[in-house]
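All values below were derived from every heavy atom in this structure, side-chain atoms included, with hydrogens, water molecules and symmetry-related copies excluded. Lettering of chains follows the sequences in order, A, B, ..., and the numbering in each one begins at 1.
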Amino acid sequence: MKVTRFAPSPTGNLHIGGVRTALFNYVFSKQSGGLFLIRVEDTDRERSKREYEEDIISGLEWLGISPDKTPIRQSERYDIYQRAAERLISSGNAYWCDCSPEDLEEMRKEQAALGKKPMYDGRSRDLGLKKSENTVLRLATPLEGETIVNDLIRGEIIFSNSELDDLILLRSDGTPTYHFCNVVDDYDQGVTTVIRGEDHISNTPRQIHIQKALDYPELEYAHLPLVLGEDKKRLSKRHAATSLNAYKEMGFTKETIINALALLGWSTENEIFLMDELIESFKLQNVQKAAAVFDLKRFNWVSSQQLAKLNDEAFFDVIKPFMKDEGINEDSTNYKKIILAMRTSKTNLKDIAHATRPFFFELDGYDEKGVSKFLNESLETLNFAHELLSKITEWNETELDIALINVRDYFNLPIPKVNQPMRIALVGSTVSPSLGLTLELFGKEKSLERIKKAIEFIG
RNA sequence: GUCCCGUUCGUCUAGAGGCCUAGGACACCGGGUUUUCAUCCCGGCAACAGGGGUUCGACUCCCCUACGGGAUGCCA
């Protein structure tokens, strides 16, 4: 049974890369029948905000990535870190250091000048300093030997201990640092497997040192490849929308987002799947080592496939908020029929909802190309169609199709010559569902009115 | 600078030494179906970063180089 956790710092909205990390953690734990936990790493008091924390947790909740226990918040656990620090001090694994930031700055400069790796040289280590106003607590890390990280995705990664310096556990204001809290909390929460971004690889040996000093058991690690933008730089606002909310607002369903994100760095035979299928087939060992470029086109494709899987009622449910955004309510005439007719016209819910507008609102003009190509030469056709349609009493697709054939036959024209101008008249462009259906959806009155308007437009 | 991670079609990837004439998907291009668009179906284009080894044989193993990324913070 595996216990995993997602440990975001609430310094921004839930990021799409964060969602993927959380997803992999969730799936990995669930397939072992284990637990998925959330821990808010808000030790950076300057940048952490409660609203971000809420955004992150509710975003995951929306996706169905729910924690099995109430999320914990590091800022509320300082006494716990304090106790752990005291243990380290009494066991001789940590010591107080009074070097000022300026001292350290200078030290680094000197080392850099000599072509060495800038790092704290441990000068206070054996001074036996007491805690005072400007002291930080540092971990006494092994000077020799090596630390091996056994990564579930990458295999063994070996670090020479001489590369690592004595990291700060408690700042001079007494607050604990990231590495320290992270290790204490993973232990406290009973985490077995740490799945996180690749950018944490070099942090891992440091954290292992803290673990060892505290006598904690070893953890499993898996470092996920990063998500990149088109230019192969870390995905940021410059490339595309990065927040989960943005994708939600674009009209992607949670199934789409989960599916598409799982496919970033991981693959399986059947590329379209739902959460439980993912839990069944996911293998951490199959996760890619190299970073993956985020591609919105692929997102769109997954979306079209996921939407196609939805039955009518499920589709109405997911598109409802987007219809509302367009100002279209459920009680509008032919609401459901119109949605069904337009279902496959676009790849996401927002665009589909938008595409139904001509059925609900007055046209704000005609497509120019359509006008010049079809409408201008169709005065006679439209007049005739108007006359013919006005006589129809059974206003349904079948009858209307017959009428349209009659128009075509009367003028002996190819079908598009009749249908395209009609489409322009009705929806403003040459794109619409089957014309008989389109007419049916508009209803007799509205159809005739729009054809009339088009005639007037030409005239 | 030093340490660490990585590198297969434009993109996501399959590939665990011979099954590789390197497979699939998205995108793109062409064709078909369709009253338009979309859907759907068929076809096409297109990649092992470079160089050395090891081996009878290397996309697969080793080394070097190049390139990209990360770490090197009293940020997380």
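Within the structure, salt bridge (Lys or Arg N to Asp or Glu O under 4.0 Å) contacts touching residues 147-163 of chain A (residues at least two apart or in different chains) are Lys117(A)-Glu163(A), Arg154(A)-Glu198(A). Note on residues 411-436 of chain A: pairs passing salt bridge (Lys or Arg N to Asp or Glu O under 4.0 Å), not counting sequence neighbours, are Glu377(A)-Lys417(A).
Residue Ser172(A) places none of its side-chain N or O atoms closer than 4.0 Å to OP1 or OP2 of C74(B). Side-chain nitrogen and oxygen atoms of Ser267(A) include at least one within less than 4.0 Å of the OP1 or OP2 phosphate oxygen of A14(B).
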I'd like a list of close polar pairs between nucleotides 39-41 of chain B and the protein, N/O only, cut-off under 3.5 Å.
residue : atom : partner   : partner atom : Å
C40(B)  : OP1  : Gln305(A) : NE2          : 3.4

Atom pairs, protein N/O to nucleotides 44-48 of chain B N/O, distance under 3.5 Å:
none

Please write out each protein N/O paired with an N/O of nucleotides 4-12 of chain B under 3.5 Å, distance rounded to 0.1 Å.
residue : atom : partner   : partner atom : Å
C5(B)   : O2'  : Arg154(A) : NH1          : 2.6
C5(B)   : O2'  : Glu198(A) : OE2          : 3.1
U11(B)  : OP1  : Lys232(A) : NZ           : 3.1
C12(B)  : OP1  : Val293(A) : N            : 2.7
C12(B)  : O2'  : Leu263(A) : O            : 2.7

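Residues satisfying the ring-ring contact (aromatic ring centres under 6.0 Å, His included) test with Phe442(A), not counting sequence neighbours, are Phe359(A).
One C1' atom belongs to C5(B), the other to C20(B), and the distance between them is 28 Å to the nearest Å.
Base contact: Asn203(A) has a heavy atom under 4.0 Å from a base atom. Within the nucleic acid shown, Arg108(A) comes within 4.0 Å of sugar-phosphate atoms alone, with no base atom in reach, counting heavy atoms only. Across all strands, His223(A) comes closer than 4.0 Å to no nucleic acid atom at all (heavy-atom distances).
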